[in-house]
Structure formats: structure tokens, C-alpha cells
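Presented below is the structure to which this report refers.
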Amino acid sequence: MNNRSLFLAKKLAEQHSLKVEEYAELIRYRTDTTAKFLQEHAENVRKSVYGNDVYVRGLIEISNYCKNDCFYCGIRRSNKKCKRYRLSAEDILACCKSGYALGIRTFVLQGGEDSFYTDDLLCDLISTVKALYPDCAITLSLGERGKISFRKLFQAGADRYLLRHETADAVHYGKLHPVDCSFENRIQCLYNLREIGYQVGCGFMVGSPYQTPEIIAKDLFFLETFRPEMCGIGPFISHKNTPFCNMKSGTAELTIFLLSVIRLILPSVLLPATTALATVTPHGRERGISAGANVVMPNISPLSAKTNYILYDGKICTEEEPTLCLACLKKRIDSIGYRIVTSRGDPVKTT
Ligand code: SAH
């Protein structure tokens with residue numbers, strides 16, 4: 001079967017597409033040789049589109065209040081041990097100010113689904129940030145909202161929206177979420193965001209409980225058809241106060257393999273090497289970049305937020321000041337022959 005996975009890897013490198021059952025075989029029968037082959041091809045593709053540039057997104061974790069109860073997530077509403085906080089508009093503006101001074105030109109506002117952040121509050125905040133920093137992009141990652149809300153936030157100036165689809169298999173979705181979460185609604189949100197005009201990001205956890213190669217194949221097929229501008233993947237890591245506390249984590253090996261696969265499917269996708277990847281293996285971000293990723297997301301939240309926005313156990317960099325965080329990332333990226341650039345980092349349009 002060794003030859004089969006290599007055969008499929010070659011086909012993917014040439015055609016940027018496989019059938020859904022072929023993706024499953026590529027994953028199931030993968031070997032070190034296949035991984036190396038894909039990595040080299042993915043690195044070439046990403047270099048041909050983005051050169052050696054690595055884009056930076058300043059992540060601001062605005063709230064860990066959440067109305068949802070996702071089985072995997074440390075800030076789920078049933079986790080009574082989670083110390084809740086939310087940042088005010090002033091706190092968020094202060095993060096943008098210090099982030100801007102560090103050269104950050106994209107601010108990602110991420111949080112639980114917290115009704116404190118009304119459309120009016122967010123629209124005011126977004127238009128203020130855009131007025132102060134017209135050369136910056138704003139990315140939102142605030143979960144599912146109605147289409148009218150998404151449109152208002154877009155009109156206020158938000159440019160991008162990250163909403164991982166989590167899994168493209170409806171049955172699997174039901175195993176990761178309680179019944180009040182709807183797979184159909186999550187996917188519909190992605191289409192709504194696209195229609196409104198956002199640059200859209202989807203994505204999934206690697207090695208989430210009950211995930212199989214066939215399910216990942218569906219995720220890849222979904223990426224191939226939806227063609228998001230951005231895609232976030234990282235290993236699932238258990239959190240001690242969740243129903244999945246005893247589930248084993250996803251591996252760096254499979255995550256890195258899939259980063260290469262995704263780069264080949266979507267040559268110009270904005271693909272972060274995530275903190276979760278760096279949490280499961282030393283030099284995770286460097287390995288992710290070398291395998292085809294082209295974005296890093298230093299955390300520029302205030303320390304008080306960082307220490308409480310804990311989605312999974314062992315999260316790294318929760319005690320570092322943003323200045324140090326960025327300096328450390330720069331050093332890491334330099335060490336592998338890439339360079340962090342200061343720009344909005346919009347997707348390159350390829351055919
Ligand atoms: N409320 C927002 C932001 C969620 S947090 C939303 O619904 O989109 C961002 C991502 O972290 C999630 O989409 C999920 O894929 C990931 N995540 C959550 N818990 C995790 C865990 N235990 N291990 C790894 N990733 C996790």
C-alpha cells in the first residue's frame with residue numbers, strides 16, 4: 001500500500017485534486033516517503049505563490065464566555081472551573097495600539113459566543129479600529145451569528161471571518177457537539193459570509209475524537225469545493241474539564257501531513273501554523289511553515305485574558321508579553337529561511 005499512497009500523492013501534486021475515497025487512502029496508507037514528497041511539493045507551491053513571506057495576524061482573545069457546550073472545548077459553558085472574563089472596547093483598542101506599534105496589520109478578534117458583543121458594540125469597535133488604522137485588516141472569529149449581523153459587521157469594516165467547520169461529516173459533528181449545535185447552520189454561516197463579501201476561513205481539528213481517514217477525506221473534499229481564502233487546522237488536544245478529558249490528542253505528524261495536502265489542494269490559501277501544533281511538538285510552527293503553511297498568529301491579548309482563554313491543556317505562550325511573543329516568532333521563522341512581513345497579507349489570486 002506504500003506505493004498506493006505515493007501514487008496518490010503524485011497525482012495530487014499534479015492535479016491539485018483527488019476523489020474523496022482517494023484522499024482517505026492517501027491518509028490511511030501514508031508513509032514517511034509520502035509525507036516527504038508532499039512536503040517538498042507543498043513548499044514549492046507556496047514559494048511560487050508567496051515566496052518566503054510569512055504573514056502575521058495579531059490574535060486578541062476578547063472573551064471566554066460562551067453559550068455553547070462543545071464537548072472538546074475548555075471554555076464550554078458547563079466548565080464551571082473556567083474563570084470568565086471579557087475585554088471592553090477600550091481594552092481591545094489598547095491591544096490594537098500596541099500590536100500596530102509592533103508591526104501587526106491584521107487584528108483577529110476571537111472569542112466564545114458571548115451575547116455581550118452586540119452588533120452595535122462590535123460595529124462601533126470595528127469602525128473605530130478601521131478609522132485609526134486604515135491600513136489594517138480586521139478578522140472576526142466569534143462563532144455563528146445571523147446573516148444580518150454578519151452583514152452589519154462587514155459594512156462596519158470587518159474584512160475576514162474565521163469559522164472552522166470543525167468536521168464536514170454531519171454524524172461526526174453530532175459526536176463533537178450537543179444537539180443544540182447544528183451542522184447545517186455552521187455550514188450555512190460559511191456560505192452567508194462568502195455571499196456578503198468576507199474573505200472566509202474554515203477548518204477542522206486533526207485527531208478529534210471519532211475522526212477517521214474517511215472523515216478527513218470529506219473535510220478535504222469540502223475545502224476543494226468551498227475554496228476558502230483561509231484554512232485553520234491544528235491537533236485536537238484534550239482539556240481536563242471537558243467530556244473529552246481522556247481522549248488522546250491529534251498528532252503533529254498528521255497535522256503537518258495535512259498542511260502539505262491542503263497547500264496542494266488550494267495553492268493560494270492562507271494557512272496558519274497554529275499554536276495548537278506548537279503545543280504538541282517543539283518547533284511545531286517552524287515545521288508547519290516548512291510543510292506549506294504561511295501564516296502565524298501571535299497572541300497579543302492582555303496577560304489576564306491569555307491565562308484564561310484556555311481551549312485545551314498545555315497551551316504554550318500564555319505568559320508572554322506580545323513584544324516577546326513576536327520577537328520569538330521572528331527568530332523561529334528566520335531560522336528556517338523564511339521572513340515575517342508587515343502587511344495586511346491578503347490572499348494572492350491565482351486561477
Ligand atoms: N467561538 C468561535 C471560536 C472558537 S475557538 C467559533 O465558534 O468559531 C477556535 C477554534 O479552536 C475552534 O474552532 C476549534 O476548532 C479549536 N479548538 C477548540 N477546542 C479545542 C481543543 N480542545 N483542541 C484543539 N483545538 C480546539
Side-chain angles (χ1 to χ4, degrees), residues 57 59-79 82 84 86 108-117 122 139-145 149-150 153 160-168 172-173 175-178 180-183 185-190 192-193 198 200-211 216 219 228 230-252 254-255 258 272-281 284 297 299 301 305-306 308-316:
R57 316 314 193 184
L59 181 64
I60 307 174
E61 297 160 333
I62 69 169
S63 169
N64 68 357
Y65 281 89
C66 192
K67 73 171 177 56
N68 292 332
D69 222 10
C70 309
F71 300 144
Y72 47 85
C73 184
I75 65 168
R76 66 198 301 267
R77 70 162 185 265
S78 297
N79 180 7
C82 174
R84 306 285 167 173
R86 58 170 67 95
V108 181
L109 310 188
Q110 186 177 88
E113 292 196 13
D114 180 356
S115 58
F116 173 82
Y117 298 91
L122 287 172
T139 305
L140 301 176
S141 178
L142 301 172
E144 296 166 41
R145 301 175 77 97
S149 170
F150 283 152
L153 304 178
R160 311 182 182 134
Y161 206 104
L162 298 177
L163 186 77
R164 291 189 178 179
H165 63 284
E166 311 297 1
T167 170
H172 186 221
Y173 194 91
K175 293 181 182 171
L176 302 180
H177 302 94
D180 57 353
C181 284
S182 151
F183 172 70
N185 190 57
R186 199 149 181 103
I187 300 292
Q188 186 59 51
C189 282
L190 288 169
N192 290 345
L193 290 162
Y198 283 94
V200 185
C202 59
F204 57 93
M205 290 176 288
V206 177
S208 60
Y210 316 110
Q211 190 184 54
I216 302 174
D219 289 316
M230 306 170 284
C231 178
I233 67 162
F236 158 76
I237 305 169
S238 67
H239 184 291
K240 56 183 180 309
N241 302 323
T242 63
F244 288 166
C245 57
N246 293 321
M247 297 289 191
K248 67 175 200 303
S249 296
T251 64
L254 181 54
T255 306
L258 291 172
T274 57
T275 305
L277 176 57
T279 297
V280 294
T281 186
M297 300 175 70
N299 192 332
S301 311
K306 272 189 182 180
N308 292 308
Y309 193 84
I310 303 294
L311 310 180
Y312 49 82
D313 292 338
K315 184 177 170 193
I316 58 161

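Counting starts at 1 for both ligands and their atoms, following the listed order.
The nearest protein atom to atom 19 (N) of ligand 1, hydrogens excluded, is given as Y72 CD1, 3.3 Å; this is a heavy-atom distance. Atom 20 (C) of ligand 1 has M205 SD, 3.8 Å as its closest protein atom, hydrogens excluded (heavy atom only). Nearest protein neighbour of atom 23 (N) of ligand 1, counting heavy atoms only, is I237 N, 3.0 Å. Protein heavy atom closest to atom 24 (C) of ligand 1, with residue, atom name and distance, is P235 O, 3.3 Å. Given atom 12 (C) of ligand 1, the protein heavy atom at minimum distance is E166 OE2, 3.3 Å. Residue, atom and distance of the protein heavy atom nearest to atom 1 (N) of ligand 1 are G111 O, 2.9 Å. Closest protein heavy atom to atom 11 (O) of ligand 1: L311 CD1, 3.5 Å. For atom 9 (C) of ligand 1, the closest heavy atom belonging to the protein is Q110 NE2, 3.7 Å.
In this structure, M297 and T274 have side chains that are not in contact, with every pair of non-hydrogen atoms separated by 4.5 Å or more. A heavy-atom distance below 4.5 Å is not found between the side chains of Y309 and I62. Put simply, the side chain of F204 does not reach to within 4.5 Å of the side chain of L176, judged on heavy atoms. With contacts defined as side-chain heavy-atom distances shorter than 4.5 Å, the pair I233/T255 qualifies. The closest side-chain heavy-atom distance from T167 to S208 is not below 4.5 Å.
A donor-acceptor contact closer than 3.5 angstrom links the side chains of H165 and D219.
In this structure, the ring of F116 has its center no less than 6.0 angstrom from the ring center of Y65.
Polar contact check, R186 against ligand 1: a nitrogen or oxygen pair lies under 3.5 Å apart. Residue H239 has no nitrogen or oxygen atom sitting less than 3.5 Å from a nitrogen or oxygen atom of ligand 1, judged on distance alone. Checked against a 3.5 angstrom limit, the closest N/O atoms of R164 and ligand 1 fall inside it.
Atom numbering of ligand 1 starts at 1 in the shown order; those under 4.0 Å from a heavy atom of C73 are 19 (N). Of all atoms in ligand 1, listed by their number and element, those nearer than 4.0 Å to a heavy atom of Y309 are 5 (S).
When the shell of 6.0 Å around CG of D180 is examined, it contains more than 12 heavy atoms from other residues, nucleotides or ligands.
Contact annotation: F71 has no heavy atom less than 4.0 Å from any atom of ligand 1.
Here the side chain of K315 pairs no donor or acceptor atom with the backbone of T275 at under 3.5 angstrom.
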